[in-house]
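Counting starts at 1 for both ligands and their atoms, in listed order.
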Amino acid sequence: MAQKIQAIRGMNDILPEQTPYWQKLETILRRLMNSYGYSEIRMPIVEKTQLFKRSIGEVTDIVEKEMYTFEDRNGDSLTLRPEGTASCVRAGIEHGLLYNQEQRLWYMGPMFRHERPQKGRYRQFHQLGVETFGIATADVDAELILMTARLWRELGLSDSVRLEINSLGSNEARAAYRDKLVAFLEPIKDQLDEDSQRRLGSNPLRILDSKNPEVQALVTDAPKLSEHLDPESEQHFKQLCKILEANGVEYTVNTNLVRGLDYYNRTVFEWITDKLGAQGTICAGGRYDGLTEQLGGHATTASGFAMGIERIVALLEEIAPIKPALADVYMVALGEEAEINAIQLAEQLREKLPELSVRNNFGGGNFKKQFKRADKSGAQIALVLGEQEVQEKTVGVKFLREQKDQLQLAQSEVAEQLKSLINQ
Ligand code: ATP
Ligand code: MG
């Protein structure tokens, strides 16, 4: 036998038993986005490397060690997108969607990061991204959180998630705070881990949300960003809290929440679950008013989030299992003419009942064998055709899951009858 070729580590096949979760989630997400008046945008999955370096920040996990970067045949440096915000802003600038106007956008698709694969952390994973542009006020930040809260409710996950929020203030306030933080950390530099020591010079705020418990302990006494906010950001944050409270959304303020990407200012938030182990953040976002300008566009306020689909699917599998999608009807046919008649009848049924799932029996077999397959298909009903049925233009209706007598119907009326016979 030839040697087997396997998938790339951390890049998953999504198998038939899992796709019902994905389809359910995707269907609900599309409806949810529409119900808030957001429009879909689709961007390529490959972009110029420079786009991500300039937007995400040179000293971030993603740019430092997680990007899939390669040279194409022209020698251009390209990167598989590690996230969608940069591409969305790029597309918005390129097509004149952002200047002097409002946009409410969403996208869904694969992202790529070269991380150590583990539960909830993959090299190809999927995100729903939502981005708004041209709205400076806290009400839109609140709406982003309200729509995610609504999603958890619809999915039955509300009891499994919690919301953390924080404000990073304006760029100026953050720069002033940064100096205070460095002054606090510099004397204890030796006690920090290697990553944090490096960040002290480049991106010290990131040390605050280090996942290393020793570093976490060291920064508990650090000056708090929340105590150094500019008045406008403070007002913005208060307004956000007020809207969340008015809508019954519970939250905790985590003053160490800074997010791993450079472009955030003011509002940041994360939805976290304790049910998935270490990879507990299922949705994260915030405001990024400076990014559009940073990428060469006109200054445009912006706010958004990204949600990790794999992690939500994992939660659903644990908390709200879905029964596998099965066929409704299985066509059983004995004899060559009956086989052809069964295919015709199945086509008619699909025409009249597009929601119905009808599976043909292929490759013949005696009745016993075919009924075994029918049973395995999960179908509720077998439609049975033999020589006699072909001649009389009738069909046998056999109930596979209920103790009911077999019916004999005219082929012309079976579609109408099936509507009431299939209990959805
Ligand atoms: P983490 O702290 O878990 O590395 P992050 O801050 O890098 O997350 P974001 O860039 O904010 O994550 O992406 C938003 C969401 O996308 C995350 O909250 C998570 O649900 C999901 N996500 C991020 N990286 C991965 C990955 N490698 N595999 C699966 N899901 C991921
Ligand atoms: Mg990460």
Any protein N or O within less than 3.5 Å of an N or O in ligand 1? List each pair with its distance, or say none.
{"unit_1": "ligand 1", "atom_1": "2 (O)", "unit_2": "Lys211", "atom_2": "NZ", "d": "2.6"}
{"unit_1": "ligand 1", "atom_1": "3 (O)", "unit_2": "Arg121", "atom_2": "NH2", "d": "3.0"}
{"unit_1": "ligand 1", "atom_1": "3 (O)", "unit_2": "Arg311", "atom_2": "NH1", "d": "3.3"}
{"unit_1": "ligand 1", "atom_1": "3 (O)", "unit_2": "Arg311", "atom_2": "NH2", "d": "3.3"}
{"unit_1": "ligand 1", "atom_1": "4 (O)", "unit_2": "Arg121", "atom_2": "NH1", "d": "2.9"}
{"unit_1": "ligand 1", "atom_1": "4 (O)", "unit_2": "Arg121", "atom_2": "NH2", "d": "3.3"}
{"unit_1": "ligand 1", "atom_1": "6 (O)", "unit_2": "Arg259", "atom_2": "NH1", "d": "3.4"}
{"unit_1": "ligand 1", "atom_1": "7 (O)", "unit_2": "Arg113", "atom_2": "NH1", "d": "2.9"}
{"unit_1": "ligand 1", "atom_1": "10 (O)", "unit_2": "Arg113", "atom_2": "NH1", "d": "3.1"}
{"unit_1": "ligand 1", "atom_1": "10 (O)", "unit_2": "Arg113", "atom_2": "NH2", "d": "2.8"}
{"unit_1": "ligand 1", "atom_1": "11 (O)", "unit_2": "Arg259", "atom_2": "NH2", "d": "2.2"}
{"unit_1": "ligand 1", "atom_1": "13 (O)", "unit_2": "Gln127", "atom_2": "NE2", "d": "3.0"}
{"unit_1": "ligand 1", "atom_1": "16 (O)", "unit_2": "Gln127", "atom_2": "NE2", "d": "3.0"}
{"unit_1": "ligand 1", "atom_1": "18 (O)", "unit_2": "Thr281", "atom_2": "O", "d": "3.2"}
{"unit_1": "ligand 1", "atom_1": "20 (O)", "unit_2": "Thr281", "atom_2": "O", "d": "2.8"}
{"unit_1": "ligand 1", "atom_1": "20 (O)", "unit_2": "Gly308", "atom_2": "N", "d": "3.4"}
{"unit_1": "ligand 1", "atom_1": "27 (N)", "unit_2": "Glu115", "atom_2": "OE2", "d": "2.6"}
{"unit_1": "ligand 1", "atom_1": "27 (N)", "unit_2": "Tyr122", "atom_2": "N", "d": "3.4"}
{"unit_1": "ligand 1", "atom_1": "27 (N)", "unit_2": "Tyr122", "atom_2": "O", "d": "2.9"}
{"unit_1": "ligand 1", "atom_1": "28 (N)", "unit_2": "Tyr122", "atom_2": "N", "d": "3.0"}

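Under the rule for a side chain to side chain donor-acceptor pair (under 3.5 Å), His228 has no partner lying at least two apart in sequence or in another chain.
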side-chain contact (heavy atoms from CB on, under 4.5 Å) between Ser77 and Thr69, worked out: CA-CA 7 Å; Ser77 180; Thr69 298; 3.4 Å; yes
Asp195/Arg198 under salt bridge (charged side-chain N to carboxylate O under 4.0 Å, His left out): CA gap, chis, key distance, verdict: CA-CA 5 Å; Asp195 262 355; Arg198 201 162 31 88; 2.6 Å; yes
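Under the 3.5 Å distance criterion, the side-chain polar atoms of Asp230 are matched with a main-chain donor or acceptor of Ser170.
Between Arg350 and Glu347 there is a salt bridge, since at least one side-chain N of the basic residue sits less than 4.0 Å from a carboxylate O of the acidic one.
Tyr263 and Tyr288 have tilted rings, their planes meeting at an angle from 30° to 60° on a 0 to 90° scale.
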